[in-house]
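Source: prediction; values computed, not measured. Only this structure's heavy atoms are used, side chains among them; waters, hydrogens and symmetry mates stay out. First listed ligand is number 1; within each ligand, the first listed atom is number 1. Numbers here are sequence positions counted from 1.
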Amino acid sequence: MCGIVAYFGNRPAYPIIVKGLKRLEYRGYDSAGVAIQQDGIVVHKKQGKVADLEKHIGKAADSLKGTIGIGHTRWATHGEPSDINAHPHRSSDGKLSIIHNGIIENYGSLKKELTSKGYTFKSDTDTEVLITFIQDILSNTDGTIENAVRIALTQVIGAYAIAVMSEDEPRKLVAARKGSPLVIGIGKGEYFLASDATPIIEYTNEVVYLNDEEIAIITDDEFLIKDTKDAQLNPYIQIVDMELETIEKGGYAHFMLKEIFEQPQSITDGMRGRLNAEEGILTLGGIREYADQLINAERIIIVGCGTSWHAGLVAEYIFEEFCRIPVEVEYASEFRYRNPVIKKGDVVLAISQSGETADTLAAIELAKKKGAIIFGIVNTVGSSIARTSHEGAYLHAGPEIGVASTKAFTAQLTVLSMIALRVAKNKGTITDRKYREFLHELKSIPNKVKRVLESSQKIELISDLFKDAKNFLYLGRGYNFPVALEGALKLKEISYIHAEGYPAAEMKHGPIALIDEEMPVVFIATRDSSYDKVVSNIQEVKARKGVVIAVVTEGDVLIPKMADFVIEVPATHEAFMPLVSVVPLQLLSYYIAVLRGCNVDQPRNLAKSVTVE
Ligand code: G6P
């Protein structure tokens, strides 16, 4: 969490940094700040969003002409959101300035040590401790900032992506990373640093992804990358393939709505060049060397967080049904701390939109250490999880900017389904006829999602009736159970209405006590192997005067007689139904949140990329 941006070059840095911060606001928006190098370092910072910072700076922006600068948009960890805790932070002599994404875990002991030396602190942040520590090293070593940063980082425990400037070395920018992402865009005599490539691509498509424990030093004469032992490394320059329009709203009111409507395209993009239904071919270029381990795996462990974990739950059903391989789905945060049993050669699928989620990364490291083979199912190209996995498959869903994940979920299901089908085909656990049938069915999903999107007006009308509800229950069975969880998560994330997802059959073991005429219950009740059971569950809710909104298969005549509201979706094989049935739930939560006046793209307290534990 937290987004960092820096610029080094010959144009005024301020407008470039502010624009970049707006692109990274999905990473946190509790406060924002900039520091510009010009006759000393000028710092402006403010609690709130980047727009609040701009308002706060006002006319003073005209005098910000410096051509080197750093900026930060914060998701608070140490210290509440406030002007003082906002980044950039200065060293106590005011000469150094830093932006930081991550957590310095041993900041308490460092602070104690520095306090005993007479340093004082203005904020409650770990970052101010880090810059003061760097200042202290500088005063003792009489060296350059990069040297002080390097020494400091060998003593720091935790995660960081940082950029540092000094008034004593005004034409220099030093950056480093461990655990938190940092990308450096290479222009002509100018450099753009950011937490991801989105603030960079309008200036250059040549980038260097900094690796852990690497330090970048930028001056007018050189661009160096060194390790923590001060040895020079060769930067590996890559070309990012991202269009500017993919990170803009393109006429939609919110990124979330745009991303919901992009799904027919993003699902197609995930299958492009991979799925050839006519020929019966599935090509997954990223899974080659370790393909046999996957096919012959005795069990598969899936790790992820949030929506990605929900995609994992669907994948569990798919892999078990198609491939007959036992699957365990774990919250990455639990997995990493509970001494899991992992054998050499075990297969781990790590699912992540951002590719930067700290818990998922740590779960991967743990599994890797114990000898597991890691397959990353990741959206963000070049991200930490993509790079640390042995092999994997990108989602190719394009940048997802709305904090509530939508198109990444359906893209994850698409990719996971393709992987399962490929494994099943190789293992012979499905017949050739079934395999081909499934390929055709998967290929038809984008059109089916398009048809669901045509119901958006109806869903908006339903949303209006429920926008003031205090609670919601989401119920589904089988493949639609994870969809119930995802629907409930979407609603609570962006509308702040309490919502719970449950397997429909579990309702009678507790949640049924909550049902009265005030309780909207969303059933995902499409025609599948548990349809009849779900119909009984709907009757149980109606018998207790609950209000039922049901997502049903087109042409269903039974449930519309019982439910208060129905939303139809096209029929598909039940294993692929989550790709379709989740879409009305995304729209329902979107419209409810908008009607309640909530900030859909930047819900309170959340951040999209959770790079802290
Ligand atoms: C955060 C986001 C969720 C996301 C989860 C996992 O909580 O708000 O939308 O599902 O992190 O993120 P990942 O990038 O690993 O999929």
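Put simply, part of C305 is less than 4.0 Å from ligand 1, judged by heavy atoms.
Heavy-atom proximity to S308, at under 4.0 Å, picks out these atoms of ligand 1: 10 (O), 13 (P), 16 (O). Near S352, the atoms of ligand 1 lying under 4.0 angstrom from a non-hydrogen atom of the residue are 13 (P), 14 (O), 15 (O), 16 (O). Close approach of ligand 1 to S405 (heavy-atom distance below 4.0 Å) involves ligand atoms 9 (O).
Between Q353 and ligand 1, an N or O atom pair is found at a separation short of 3.5 Å. Residue Q412 has no N or O atom closer than 3.5 Å to an N or O atom of ligand 1.
V381 has its side chain out of reach of V240: every pair of non-hydrogen atoms, C-beta onward, lies at least 4.5 Å apart.
Relative orientation of the Y203 and F192 rings is parallel, given thresholds of 30° and 60° on the angle between their planes.
Using modelled atom types, no side-chain atom of K178 and backbone atom of L153 make a donor-acceptor pair closer than 3.5 Å. Under a 3.5 Å cut-off, the side chain of D196 and the backbone N or O of L24 do not form any donor-acceptor pair.
Of the candidates V378, V303, T307, T307 brings a heavy atom nearest to atom 4 (C) of ligand 1. Taking only non-hydrogen atoms, the option from T357, I351, T406 nearest to atom 12 (O) of ligand 1 is T357.
The stretch residues 302-313 participates, sequence neighbours left out, in these side chain to side chain donor-acceptor pair (under 3.5 Å) pairs: T307-E486, T307-K490, S308-Q412, H310-E486. A ring-ring contact (aromatic ring centres under 6.0 Å, His included) check over residues 371-392, counting only residues at least two apart or in different chains, returns the pairs Y290-H390.
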